[in-house]
Participant: 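For reference, the structure I am asking about is given below.
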Amino acid sequence: MTYFFETYGCEMNIAESAAIEQLFISRGWSKAEEPELADMVVINTCSVRGSAENRIFGRLGYYSGVKKIRHKEPGAKTRLEEMQKAVEFVEKNGVVPFYVVLMGCMAERLLDSVKKDFPVIDFVVGTFGKSKFGDIISAAEEHKKGFKIEEDSEYTFPKISYEEQAFSTFVPIMHGCNNFCTYCIVPYVRGREVSRPVEQILSEIDFLSKRNVKEITLLGQNVNAYRCKDESVEGGELNFPKLLKKISAHLDETASSIRWIRFESSNPNDFSDELIEMIANDRHVCHGFHIAAQHGNNEILRRMNRKNTREEFLALVKKLRSAMPDVELITDLMVGFPGETEEQFEDILSFMNEIKFESAFMYYYNPREGTPAASFENQIDVAVKKERLKKVIDLQLKHTTEVMSGRVGKTVTVLADIVSRDDENELLGKTEQNERVAFKADKKLIGSFVTVKLTALNGNTFKGVMIN
């Protein structure tokens with residue numbers, strides 16, 4: 001039997017899809033080349049922004065048409081061009097049950113209503129129902145109808161989140177968020193913070209080492225808030241800096257293939273002096289960090305419930321750059337939060353000018369049903385939000401070019417991972433700061449660390465020359 005995944009949203013969703021894919025593989029299923037040809041399509045959803053949900057609604061509408069054809073239901077639109085793969089499948093194989101599974105944050109948010117609105121869905125799997133995926137696979141194997149998935153009382157971490165033949169992979173270490181930013185749906189669909197036991201983390205790392213993985217990214221909605229009981233450390237609790245230190249030592253002790261450690265997403269409130277010192281003195285943790293700022297005005301930050309000020313974020317950046325001169329920073333920036341005045345918006349621009357992030361995820365505020373900010377007064381007109389966002393994007397593009405141009409001429413270590421789409425004689429890789437580099441090299445070096453001199457900048461990708 002065959003499966004197909006559509007995954008939207010964050011890295012945690014990617015990791016969770018990979019974990020469930022491992023379950024399919026262990027049961028003898030194989031990946032379908034196209035969703036229309038699969039026995040089961042799994043849509044792993046995002047609920048952070050309305051645009052993500054609207055896209056998924058569109059996909060559910062599409063799969064409604066596919067299912068009608070696959071099941072030879074009355075009214076199936078067999079003449080539509082986009083449905084021809086499904087038509088050809090039925091002509092060749094006859095009627096074969098076609099299952100649609102909705103999982104992820106949107107599934108959790110609409111757990112009790114989405115199946116009524118979209119009967120095409122056979123199974124809805126919320127945040128706490130992923131452990132039941134084996135039952136879903138069994139039902140499909142036995143050609144049973146869909147049924148309601150009972151949610152667990154606690155979140156269960158998957159044992160393995162490995163993507164087959166990947167040199168870089170994700171390792172979830174915590175789940176959920178306790179911060180309750182007033183604009184954010186995550187705490188409501190992911191639940192409270194839960195940290196994964198260190199023994200499970202190290203076990204997964206050993207599994208990845210045996211498969212020649214070269215780089216891991218530790219994941220959590222609020223990753224550097226990690227806390228777990230560990231009697232082997234002073235105080236009996238393992239915080240995030242101590243976890244990193246333990247993982248790094250484990251890589252050395254086991255002669256692991258894994259050389260680089262990354263982590264995201266980071267909250268500035270939990271980026272402690274202890275964490276900075278640990279990273280600065282460690283050879284495995286990379287010096288590129290994604291730390292969400294969201295805004296540069298203290299009143300807006302307060303109303304967002306961000307729990308840090310502009311001045312505190314600037315002080316954090318100063319500490320990072322002092323401890324690690326080669327550090328590069330990525331952030332999140334939101335414009336158009338309810339009540340944002342023109343003067344408050346200008347504080348974002350001055351904040352950006354003061355820091356000069358290498359890159360940023362930029363967006364305007366989009367109300368999410370169920371969050372406090374959705375009912376705040378003085379919602380900003382969409383036209384104003386778009387105008388402000390354009391100014392932020394234009395400024396960030398300028399900063400990105402300026403910061404990255406300043407790195408041309410440097411010699412860096414690069415993990416080669418794929419062949420360039422633009423030139424089959426070039427490889428693409430990434431630096432410790434997670435920048436993309438294109439350089440001429442033999443394909444056999446894919447999955448290897450190489451030394452490259454950065455010679456030019458083409459858009460947001462460096463051109464480089466490999467040094468033997």
Side-chain angles (χ1 to χ4, degrees), residues 10-12 14-15 166-171 173 213-220 222-224 226 240-241 243-245 247-248 251 258-268 270-272 275-293 313-314 316-333 352 355-362 396-397 399-418 428-439 449-454 457 459-462 464:
C10 66
E11 288 84 354
M12 186 66 82
I14 295 172
F167 296 109
S168 302
T169 193
F170 298 115
V171 177
I173 67 163
V213 168
K214 301 299 177 68
E215 171 192 69
I216 59 172
T217 300
L218 307 179
L219 287 184
N222 193 21
V223 68
N224 48 346
Y226 178 92
F240 188 59
L243 173 69
L244 282 180
K245 189 173 182 179
I247 291 174
S248 182
L251 297 183
I258 298 168
R259 178 170 169 180
W260 281 353
I261 303 169
R262 303 183 191 275
F263 57 88
E264 59 180 80
S265 296
S266 298
N267 191 297
D270 298 301
F271 223 113
S272 64
L275 178 56
I276 295 171
E277 182 181 2
M278 183 276 154
I279 297 171
N281 292 299
D282 184 81
R283 72 186 190 94
H284 289 297
V285 184
C286 293
H287 290 182
F289 307 119
H290 180 181
I291 312 175
F313 196 99
L314 291 171
L316 171 61
V317 172
K318 185 176 180 180
K319 289 178 182 178
L320 287 167
R321 288 176 171 166
S322 175
M324 293 165 274
D326 63 340
V327 72
E328 295 297 348
L329 302 175
I330 298 173
T331 196
D332 296 346
L333 294 169
M352 293 169 67
I355 293 177
K356 294 187 178 177
F357 295 101
E358 186 176 38
S359 183
F361 295 92
M362 300 159 285
Q396 183 55 54
L397 290 174
H399 288 168
T400 296
T401 300
E402 181 181 341
V403 172
M404 295 187 74
S405 295
R407 287 175 56 75
V408 172
K410 295 185 179 297
T411 299
V412 298
T413 300
V414 173
L415 174 58
D417 52 9
I418 58 173
L428 272 177
K430 50 188 171 182
T431 69
E432 191 179 336
Q433 289 75 16
N434 217 12
E435 303 148 331
R436 300 300 285 172
V437 185
F439 56 98
F449 290 95
V450 295
T451 302
V452 176
K453 183 175 182 179
L454 306 178
L457 184 64
N460 290 340
T461 301
F462 287 110

Participant: List the atom of Pro241, the atom of Ser272, and the distance in Å for their closest heavy-atom pair.
Facilitator: CG-OG, 4.1 Å
Participant: Does any part of the side chain of Asn460, heavy atoms only, come nearer than 4.5 Å to the side chain of Arg436, both counted from C-beta?
Facilitator: no
Participant: Mind running ring pair (Phe, Tyr, Trp, His ring centres under 6.0 Å) on Phe439 and Phe462 for me, showing each step along the way?
Facilitator: CA-CA 9 Å; Phe439 56 98; Phe462 287 110; over 10 Å; no
Participant: Would you give the length of the straight line joining atom CD1 of Ile261 to atom CD1 of Ile216, rounded to the nearest 0.5 angstrom?
Facilitator: 5.0 Å
Participant: Counting N and O atoms only, with roles assigned by atom type, does the side chain of Thr401 sit under 3.5 Å from a partner on the main chain of Leu397, one being a donor and the other an acceptor?
Facilitator: yes
Participant: Would you say the side-chain atoms of Glu432 pair up with the backbone N or O of His287, donor to acceptor, closer than 3.5 Å?
Facilitator: yes
Participant: Report the C-alpha separation of Val223 and Ser266 in whole Å, then their side-chain angles, then the decisive distance to 0.1 Å, and conclude whether the side-chain contact (heavy atoms from CB on, under 4.5 Å) test is met.
Facilitator: CA-CA 6 Å; Val223 68; Ser266 298; 4.1 Å; yes
Participant: Nearest heavy-atom pair of Ser322 and Pro325: which atoms, and what distance?
Facilitator: O-CD, 4.3 Å
Participant: Using the benzene-type ring in the case of Trp, are the ring centres of Phe263 and His290 under 6.0 Å apart?
Facilitator: no
Participant: Quick check: do Phe240 and Asp270 have side-chain heavy atoms less than 4.5 Å from each other?
Facilitator: no
Participant: With no hydrogens and no angle check, is any side-chain donor or acceptor of Thr331 less than 3.5 Å from a backbone partner on Ala293?
Facilitator: yes
Participant: Got a second to check how far Met362's CE is from Leu333's CG, nearest 0.5 Å?
Facilitator: 7.5 Å
Participant: Do Asp326 and Gln433 come close enough that some side-chain heavy atom pair is under 4.5 Å?
Facilitator: yes
Participant: Mind running side-chain contact (heavy atoms from CB on, under 4.5 Å) on Leu428 and Val437 for me, showing each step along the way?
Facilitator: CA-CA 6 Å; Leu428 272 177; Val437 185; over 6 Å; no
Participant: If the test is side-chain contact (heavy atoms from CB on, under 4.5 Å), which one of Leu316, Val317, Val327 qualifies with Phe289?
Facilitator: Val327
Participant: Taking the six-membered ring of Phe449 as reference, does the NZ or CZ atom of Arg259 fall below 6.0 Å from its centre and within a 45° cone about the axis?
Facilitator: yes
Participant: Kindly state each residue pair satisfying salt bridge (Lys or Arg N to Asp or Glu O under 4.0 Å) with at least one member in residues 275-285, sequence neighbours excluded.
Facilitator: Asp252-Arg283
Participant: At their closest point, which heavy atom of Thr217 faces which heavy atom of Glu264, and how far apart are they?
Facilitator: CG2-CG, 4.1 Å
Participant: Tell me if the NZ atom of Lys214 is crowded by more than 12 foreign heavy atoms within 6.0 Å.
Facilitator: yes
Participant: Give the C-alpha distance, both sets of side-chain angles, the deciding distance and a yes or no for side-chain contact (heavy atoms from CB on, under 4.5 Å) between Leu329 and Glu358.
Facilitator: CA-CA 6 Å; Leu329 302 175; Glu358 186 176 38; over 6 Å; no
Participant: Looking only at non-hydrogen atoms, find the nearest pair between Leu415 and Ser168 and report the distance.
Facilitator: CD2-OG, 3.7 Å
Participant: I want to check something: taking the side chain as every heavy atom from C-beta on, are Thr431 and Val452 in contact at a cut-off of under 4.5 Å?
Facilitator: no
Participant: Considering all heavy atoms of both residues, which atom of Ala292 and which atom of Phe313 are nearest to each other, and what is their separation?
Facilitator: O-CE1, 3.8 Å
Participant: To the closest 0.5 Å, what do you measure between CZ (Phe361) and CD (Gln396)?
Facilitator: 11.0 Å
Participant: So do the side chains of Leu218 and Tyr226 get within less than 4.5 Å of each other, counting heavy atoms only?
Facilitator: no
Participant: If you compare all heavy atoms of Ile279 against all heavy atoms of Cys286, which two are closest, and at what distance to 0.1 Å?
Facilitator: CG2-O, 4.4 Å
Participant: Any chance you could measure Ser405, atom OG, to Leu454, atom CG, to the nearest 0.5 Å?
Facilitator: 11.0 Å
Participant: With a 4.5 Å limit on heavy-atom distance, are the side chains of Phe271 and Ile291 in contact?
Facilitator: yes
Participant: Check whether any side-chain heavy atom of Asn224 lies under 4.5 Å from a side-chain heavy atom of Asn267, and answer yes or no.
Facilitator: yes
Participant: Give me the one residue out of Lys410, Arg407, Lys430 that meets salt bridge (charged side-chain N to carboxylate O under 4.0 Å, His left out) with Glu435.
Facilitator: Arg407
Participant: When you measure from the side chain of Asp417 to the backbone N and O of Phe167, does any donor-acceptor pair fall under 3.5 Å?
Facilitator: no
Participant: Rounded to the nearest 0.5 Å, how far apart are CD1 of Ile247 and CG of Leu251?
Facilitator: 7.5 Å
Participant: Between CG of Leu219 and OG of Ser265, what distance do you get to the nearest 0.5 Å?
Facilitator: 8.0 Å
